[in-house]
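Below, chain A is the first sequence line, B the second, and so on; all start at residue 1. Computed from a predicted structure; not experimentally measured.
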Protein chains: 2
Amino acid sequence: MVSTPPAAVSAAAASAAGRRDSHSVESLLSVAVEVFNVRGYDGTSMEDLAKAAGITKSSIYHHVSGKEELLRLSVTRALDGLFAILDEPGAREGRAADRLEYVVRRTCLELVGNLPHVTLLLRVRGNTAAERDALDRRRDFDHRVAALAAAAIDEGDLRAGLDPRLTARLIFGMVNSISEWYRPGGRGAEKEAGELADALTALVFDGLRNRA
Amino acid sequence: MVSTPPAAVSAAAASAAGRRDSHSVESLLSVAVEVFNVRGYDGTSMEDLAKAAGITKSSIYHHVSGKEELLRLSVTRALDGLFAILDEPGAREGRAADRLEYVVRRTCLELVGNLPHVTLLLRVRGNTAAERDALDRRRDFDHRVAALAAAAIDEGDLRAGLDPRLTARLIFGMVNSISEWYRPGGRGAEKEAGELADALTALVFDGLRNRA
DNA sequence: GTCTATACCGTGATAGAC
DNA sequence: GTCTATCACGGTATAGAC
């Protein structure tokens with residue numbers, strides 16, 4: 001690769017000069033996920049990770065078995081967060097349309113609140129075992145949401161004639177796309193995320209058109 | 001990488017046995033884009049491309065200067081197709097809301113009709129010069145669509161209070177997500193694409209909710 | 001337009017001292 | 001928990017014959 005870094009990935013830029021940072025699996029993971037999200041998983045070398053973490057390549061192997069374990073840890077975390085939403089009361093009780101709306105809203109918030117891991121998950125392509133496992137679980141999630149959409153159409157709250165599978169795909173295509181541009185805005189980020197979720201939910205359920 | 005191929009990428013599987021396929025830049029490009037889209041650009045080696053094309057690595061350099069040129073050719077093609085939409089009469093004449101709807105619909109069709117190149121474009125991360133140039137042009141496209149959304153709100157056809165930039169991002173997040181699951185269905189694909197574009201446009205402008 | 005052969009470097013990973 | 005040193009391998013790319 002002829003790569004010139006997009007924006008000089010030095011997550012631990014501050015400590016870059018010092019070297020010899022002390023790391024746990026946790027701190028290493030958060031550094032790695034940042035770099036993966038800038039460079040892409042395949043585009044990231046152990047050397048890149050080492051530089052960003054402020055240690056040497058070899059030191060990384062003291063914490064994890066290799067690059068793929070870092071990926072697995074990250075996407076597992078993302079998926080656990082998403083599946084947890086489906087077990088919340090708001091996703092299990094009431095009319096299907098309301099449950100669907102709840103899941104859409106909560107998924108937005110979860111994506112924003114867990115942005116690095118979810119972003120990485122959404123970019124996984126299936127080249128390694130860890131990636132394929134993640135894709136399987138994602139498919140699972142999609143199916144459960146499509147079932148929710150189907151129920152909402154049956155109950156008459158969503159327009160008849162909608163294709164539930166397609167509808168679920170389009171909704172979550174929109175939700176997931178947030179990861180491509182959203183950057184947390186420091187304080188007020190929570191309110192910001194709520195407004196984003198509101199805007200998206202309104203668009204999906206009521207559309208853009210003015211009915212005045 | 002511990003990679004086991006996801007689905008044995010042999011675009012030219014038929015000719016795999018024979019070897020010594022004859023290639024032009026064009027035929028090589030179409031093979032390369034297929035492989036890039038399965039393996040990811042960074043995850044694809046020249047060896048992968050050579051196998052899929054049925055020639056050796058060295059032969060590829062007879063046609064192009066290297067991997068990055070194949071990427072540049074592909075994303076340029078994708079971007080040219082998208083920008084051409086903005087110059088069509090339907091995108092330039094009439095009320096802004098109608099022009100926006102036209103662009104959304106046409107973008108869906110263009111994405112489906114030019115799927116491999118557009119898919120690759122949407123996955124580009126900015127690691128190389130070719131990728132950064134592509135990202136710049138994408139941003140340009142987004143701005144022009146956001147301006148269209150702003151005009152449509154001003155004219156009163158879209159709900160007041162919408163954020164034009166956010167609206168444009170969400171719409172095209174949904175449109176672009178089609179590339180993650182859509183696979184052309186042989187004959188009838190044109191009708192299929194039209195229905196997909198209709199469904200998406202209806203969702204965006206009128207929402208899912210049943211108003212009966 | 002393809003091939004074989006090869007240069008050269010970056011890669012993921014390991015061994016073992018401190 | 002970090003380091004230096006080292007390894008085998010696979011990566012892009014080139015030279016030159018057919």
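The OH-C1' distance, from Tyr61(B) to dG11(D), rounds to 9 Å in whole Å. Between the P atom of dT6(C) and the CE atom of Met46(B) lies a distance of 20 Å, rounded to the nearest Å.
Of the listed nucleotides (dG12(C), dT12(D), dG1(D)), dG1(D) has the atom at the smallest distance from the side chain of His63(A).
Residue-level contact check: Ser22(A) touches the backbone only, with heavy atoms under 4.0 Å from sugar-phosphate atoms and none from bases. Using a 4.0 Å heavy-atom distance criterion, Ser24(B) is classed as making no nucleic acid contact. Using a 4.0 Å heavy-atom cutoff across all strands shown, Lys57(A) reaches at least one base atom of the nucleic acid.
The only member of Arg106(B), Arg99(B), Arg105(B) that meets salt bridge (Lys or Arg N to Asp or Glu O under 4.0 Å) when paired with Glu88(B) is Arg106(B). When each of Thr119(A), Leu122(A), Leu196(A) is checked for a side-chain contact (heavy atoms from CB on, under 4.5 Å) with Ile178(A), only Leu196(A) meets the rule.
Interface remark: the Ser58(B) side chain does not form any donor-acceptor pair with the dT2(C) base, using a distance-only criterion of under 3.5 Å.
For Arg139(A) and Asp142(A), the salt-bridge test fails: no basic side-chain N is under 4.0 Å from an acidic carboxylate O.
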Which atom pairs link the protein and nucleotides 8-10 of chain D when you take only N or O atoms and keep those under 3.5 Å?
none

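What you find for Ala134(A) and Val75(A) is that their closest heavy atoms are CB-CG2, 4.0 Å.
Between Ser59(A) and Thr56(A), the side chains place a donor N or O and an acceptor N or O closer than 3.5 Å (distance only, hydrogens not considered).
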